[in-house]
Amino acid sequence: MGSLTDRRPAALSSREKFDSFCHLADELLNIFLFALLALEVGVVKFSGEALWLGVLAIPLVLISRAVSVQVPFVLLGQRQNWLPFTRRLMIWGGLRGAISVALAFTVPPGPQQELFLVLTYVEVVFSIIVQGLTVGKLAAQAGTAAPGEAAG
């Protein structure tokens, strides 16, 4: 028969406790932020023109992200051995969310802020629905890529 100490779970290390706390704090802050964002959505005026501008902004955001990923690849390409699909995952997996909307709220109040909020909301919704639902498939393709395939 084992002693009482055999039945207790192993004590968590300080690092594990800290990581658990940070994870919980992150989740709680995200819940709080998205609750505030949900309240604000009811106030923002989603005009047809602003929604179209938001849709037009999607490819511009993807192109600008591609450029911002490509520059370090070119500069570090000779010194770094990149895995296949790295660039594609970095470009497509650059999901946006609460931080983008929170930054849009820092624009001074007025018509510009409303436009920025609508553009940001459209981009975030696209990111969550389209990119979020397809990045797993792209990552799965990356996992099955042939070792000799070019990075990209």
Candidate list Leu56, Leu60, Leu62, test side-chain contact (heavy atoms from CB on, under 4.5 Å), partner Ile58, passing option: Leu62
Rounded to the nearest 0.5 Å, what separates atom CG in Leu138 from atom OG1 in Thr134? 7.5 Å
Heavy-atom donor-acceptor pair, Gln131 side chain to Gly93 backbone, under 3.5 Å: no
To the nearest 0.5 angstrom, please state how far the CH2 atom of Trp52 sits from the CD atom of Glu49. 12.5 Å
Going from SG on Cys22 to CD on Glu27, what distance comes out if it is rounded to the nearest 0.5 angstrom? 12.0 Å
Please check if Ile128 and Trp92 belong to a single hydrophobic cluster, counting links between Ile, Leu, Val, Met, Phe, Trp and Tyr side chain heavy atoms closer than 4.5 Å. yes
So with a 6.0 Å cut-off around CZ of Phe18, is the heavy-atom count from everything else above 12? no
ILVMFWY network linking Val101 to Val61, side-chain heavy atoms under 4.5 angstrom: no
Using distance only, find each side-chain donor-acceptor pair of residues 116-124 under 3.5 Å and give its atom names and separation, not counting sequence neighbours.
unit_1, atom_1, unit_2, atom_2, d
Thr120, OG1, Phe116, O, 2.6
Tyr121, OH, Leu37, O, 3.4
Glu123, OE2, Arg96, NE, 3.4
Glu123, OE2, Arg96, NH2, 2.8

Go through it in stages, so that I can follow the logic: the residues are Thr86 and Phe73, the test is side chain to side chain contact (heavy atoms under 4.5 Å, CB included), and I'd like the CA-CA distance, side-chain angles, deciding distance and then a yes or no. CA-CA 10 Å; Thr86 301; Phe73 267 85; 3.5 Å; yes
Working to the nearest 0.5 angstrom, can you tell me the gap between Lys45 NZ and Leu115 CG? 13.0 Å
Please round to the nearest 0.5 Å and tell me the distance separating atom CG of Leu29 and atom CG of Leu24. 9.5 Å
Over 12 non-hydrogen atoms of neighbours within 6.0 angstrom of CZ in Phe105: yes
